[in-house]
Structure formats: C-alpha cells, structure tokens
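Numbers restart at 1 for each chain; the letters A, B, ... are given by sequence-line order, proteins then strands. Only heavy atoms go into these numbers, but all of them, side chains included; no hydrogens, no water, no symmetry mates.
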Amino acid sequence: MAEKITPRAKNYPQWYLDIVKEAGLAQNAEGVKGCMVIKPTGYALWEKMQRGLDKLFKDTGHVNAYFPLFIPKSYFQKEEQMAEGFAKECAVVTHYRLRSVDGRIEVDPAARLEEELIVRPTSETIIWRTYKDWIQSYRDLPLLINQWANVVRWEMRTRLFLRTTEFLWQEGHTAHATQKEAEAETHTMVRVYQKFAEEFMAMPVLVGPKTDGQKFPGAVYTLCIEAMMQDGKALQAGTSHFLGQNFAKAFDVTFKNEKNQEEYAWATSWGVSTRLIGGLIMTHSDDNGLVIPPRLAPTHVVICPLGRNDAERGPSITAAEQLAAELRALPRDEFFGYEPIAVKIDTMFDKQPGFRYAEHELRGVPVRVEIGPKDIEKAACAVARRDVPGKEGKQFGVPLTGAAAHIEKLLRDIQKGLYDRALAFRQRQTVTANTLDEFKALFPARDEKDEAGAEPLKFVYAHWDGTRETEDMVQKEYKATIRCLPFVEGTPEPGTCIFTGKPSTQRVVFARAY
RNA sequence: CGGGCUGUAGCUCAGCUUGGUAGAGCGCUUGGUUCGGGACCAAGAGGUCGCAGGUUCAAAUCCUGUCAGCCCGACCA
C-alpha cells in the first residue's frame, strides 16, 4: 500500500516531496528555477486559508487593497536596514522591450529603464510612499490595510511551499497615530495568526518576539508564531513586525495631531504565506498521504458508492446522493465558515474499491463514506476517518438515518483530535537544558545521510545571555537558532546562560529550523 | 563561484565497459474477467538515445566540443 510515498521514518524530506507531488498540490515549474506551479488541489487549499484569514482580518477592522508589483530602486534604498536585508535576493527589471534579430528574440538595448524596478520582495517601501499622500491628519489614522499578493525573493535553495522564489502571501501594513496603538496592533495580529494556526490549521504554535538577530530588517521588533514539524524542526509560520517610525521617517509620512503638532506615523506590518501549506503537511500528514484538518479541507466528505454492476451501483448511488444532499442541507455555522459541508461522490467504478480508498486518503479528505449492496440491505453505510488511516479508522454499520449528523460531529472531532495530537507531540518533544552538555546532546552534528531517517529533534528551553555573539556561536556550532523568546504567563524565571554563564532574564527556545 | 553527478518513451530507469535491427516497469488506449483496502489477462499506441562535430563498413555505446538539469557547499526575516 501507498508505495508511491516514502515512509517518514525512512527519509522525512523525501516523504514531504512525495506528499506534495502525489497529492497533486504543486510541482516545480519547468524552465523557471525555484518557482512552483500550484495545482488545483493545492490552490483550493490556499483559497480555504485565504478565506479563513481574510475573515479574521476583516473582523479586526482591516480592509484589502492592492499595490504595484514593481518598486523603483530609489524607494527601496530609502530604508537602509531593509535595503541591506533584501539586497542579495532581489529580482530587478532593467528593460521594457524585446526585439527580433534574425528570427531570435533579444532584449532591446535601446529600451533600458532610466531607473531600475525591483520586483517586490515585500511592499513596505511602495506602500509607505503611497501612505505619504494619504496621511495628513490624525483623523486619517489608523490606516489598516492588507494586500493579497505575490512576492519574489531570489533564494539559493528552494523547496516547494517552504521556500520558493516566487510565493503567494498576504501582507498587512498599518499606520497609527501613537506608538502604543501600533504596538497593540502588532500583538493583535500575531494573536490572529495564532488563532488561525491553532483553530483552522490545528497546528499549535509558540508565540513571542524574535531576537534582534532574527528580526525583520527595518523592524524595531518582530513577533512570530513558530510551529514544530513532525521531525522536530521549527517552522516560522507567521510574523508581525512593529516598525516604529522607521518607514514614516524614510518616506516622510507625517500628520497633524490634536494639538496641531506634526508627528511621524507609527507602523506595523505582518504576513503569512503559502509556506503555511508546507507547515500543514508536516504537522498532520502520514505515510498514506495528506491529512487536512476539516476546517481547511476543500472537500470534507467523499462518498464512495460501491457495486459490481449497474444493478448494484444504482441503489448505492441513490443512497449516496441522498446522504450528500442531507450533509449539504445541515445548518451552517462558523466552524465551516458558514458554508455548506463540501461533499463529493466518487464514481470511479473502473477502479477497484481499495484503489479508490487509497486515493482519497492520499488526498486527505477528512471523512470517507462507503455505501455498497450490503449497506443498502441494512440501510447503513461505513464511515472512515482520515486521521486514523486504513481499516482501523473505519466504522461499519452506521445507520443512514442520522448519518449526516454523525458525520458532521465526526468532522469536529477530527479537527480537535488533530490539534490535540500535534500539541501532545510538541510537548513530548520539548525539553529544558540546564547545562551545555545537555544542550550538545540534543543537537548532534549530522550530515544529510544521518538526517534522512533520524529521530525527531526537540525544542529546547534554555537560558541565553541575550547577546548576538552567543546566538551566532550557537547557530554555527549546533545549527540551532533561537526561534523566539516565548511569551509566558506571569514573570519569566531568570537564570544564567548555559553558554557563557552570564545572567539571563528568561528561557528561550532553541531548535533547528526550516 | 567551488566540488560531484545525470541527460534514452509521458514518468522512473536499464543498455554503454567489449560498437552490430531501441528495451523494461509504471502510465496511456481498446476488449474481457474482476472489484467492500492500491486486481489480472490479452492486444495496441508511443523514442531525431540533450545538441553539434569526429572516428568507423556500422555509434545510444568510443573521442572532442557544447547546452541543459540535479545534488552538496557558500546564501536564507
């Protein structure tokens, strides 16, 4: 079974690629290095994510807009930290015309742009240049804008969804009259991301600031959500930046306050990307294929009518259509985004049932229903839950009367079960290190071959002296980074840095990362 | 920019050492039997062997050049 997919225990990175390919989510683009084609199945997942996130943004007072793909080089260099941070991964447009010479197409040297255009790696600069025109008075604030867009970052090494040259994302860019309000926005949005990750993706996350070394270029500080993948590595799943007045000063965005004084505006920006799809895969999926939490599943339920011939299939199909109609007619609520339950009827009668089951498991449909001649006799069906793969997750003899309600409840149970399972895994894989020796043992040196079938890594809570030097040393020596300084309830417990013995204000989380 | 590897059917690859009619599995098409956990049988379609040049009676195979892609390293909020 499932011979197309490399088992996780054998080679986790290969397993990931197999899932992306075999579940039909995406493929590498031909001829355009590092870019991906997001296939209809993968894009449907992204659309579900967009819908969930967009609602959360609107509910917190944001509106959508759209800004240009191209950024004049001069804008880009106005904020120094950002220019420096992104300089090495920018695509640049230098010409605007081709010409045909002897039947060959070439760039027309006469069509050189006077000023080069940067393909946006992120849009702070072009947006704050625009905000300059939009903001005059405190009455114009706050400005709470989000855009859904693509960006380009010319990375050396790419992996489908996790790091691609071009990717899809949303970026929020807000302007505020006060520092306090902007900081509150920064926190609000990281909590929105946490809510989305935990309640929609069923992916538990740690929340807290990044170190100064890891923050966004141009930010005063960066808050993030960090998730643990099944191999124990960390995935930065979303970031929310407090930008202070850096961009307002760079683009001269000022407003008159109530006292008729001129002030610079305060800024935030925040984003999540198609990388979330990678995180979703590496949080829940298994050796049989993709596992999608019901709240994000493009198809919630697939019904497989069974039968060896038309005489047997007819009643199965009728019963399947009946059940599908009942499922679609259930009252709508927030859990399903006020949309009907998405049901598909699988009529691949030319394939064997086992093939059909395996196919739906591969594609991660949360619930599969089987209705065959034996069920019709008993007015029943079989219901299989994707989070428990194979026959173990299948319940026979579920009465067709009341099946719709049963399935709806099952979908909610699966959503919760996936979250609980992921959280339990992270807790199991989280430890504290109080000495350097303990720490060393947790991050052994290993090369690519060791990596393939290795034991999952851990999140390690340890004291750190707060310096860049120590952080850089740890990254170099142990290939582990400080994922965040997690928010804790009450007062953080102080201690001494396990690397230098200097004082530490709180434990931070170390992990190897994607 | 360093180091390594690969280009043969839609996909994965064998064949190359030792030159002699282009191969397998998967996928696809058609027919039949199957079919409540990834079926089987039969028939069939499908390839300028990356490209160019050379050696030879004869080149996927040997030689030279060239192009493309992949992996590792440097890079990565």
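One can place NZ of A:Lys479 at 12 Å from C1' of B:C72, the figure rounded to the nearest angstrom. In this entry the distance linking CH2 of A:Trp154 with C1' of B:A74 reads 19 Å, nearest Å. Look at CE on A:Met348: it is 15 Å from C1' on B:G36, rounded to the nearest Å. Atom CG in A:Asp375 sits roughly 12 Å away from atom P in B:G36 (whole-Å rounding).
Separation of the P atoms belonging to B:C26 and B:C40 is 8 Å when rounded to the nearest angstrom. Going from the P atom of B:G73 to that of B:U29 covers 42 Å, rounded to whole Å.
Between A:Phe57 and A:Trp270, the distance separating the two ring centers is shorter than 6.0 angstrom.
For the pair A:Lys88 and B:C75, the criterion of a side-chain N or O lying under 4.0 Å from OP1 or OP2 is not met. When the side-chain nitrogen and oxygen atoms of A:Gln352 are compared with OP1 and OP2 of B:C35, none of them lie within a distance under 4.0 Å.
A:Glu370 has a carboxylate O that lies under 4.0 Å from a charged side-chain N of A:Lys394, or vice versa, which qualifies the two as a salt bridge. The pair A:Asp472-A:Arg468 meets the salt-bridge criterion, with a side-chain N (NZ, NE, NH1 or NH2) lying under 4.0 Å from an Asp/Glu carboxylate O.
Backbone-only engagement by A:Gln214 is indicated by non-hydrogen atom pairs under 4.0 Å involving sugar-phosphate atoms exclusively. A:Arg275 comes within contact range of no nucleotide atom at all, as no heavy-atom separation falls under 4.0 Å. As judged by a 4.0 angstrom heavy-atom cut-off over every strand, A:Glu359 is placed among the base-contacting residues.
The side chain to side chain contact (heavy atoms under 4.5 Å, CB included) test with A:Leu290 singles out one residue from A:Leu280, A:Thr41, A:Leu25, A:Ile5, and that residue is A:Leu25.
Stem regions for RNA chain B, each three or more consecutive Watson-Crick or G-U pairs with both distances under 3.5 Å and listed by first number, read B:1-7 with B:67-73, B:10-13 with B:23-26, B:28-33 with B:39-44, B:50-54 with B:62-66.
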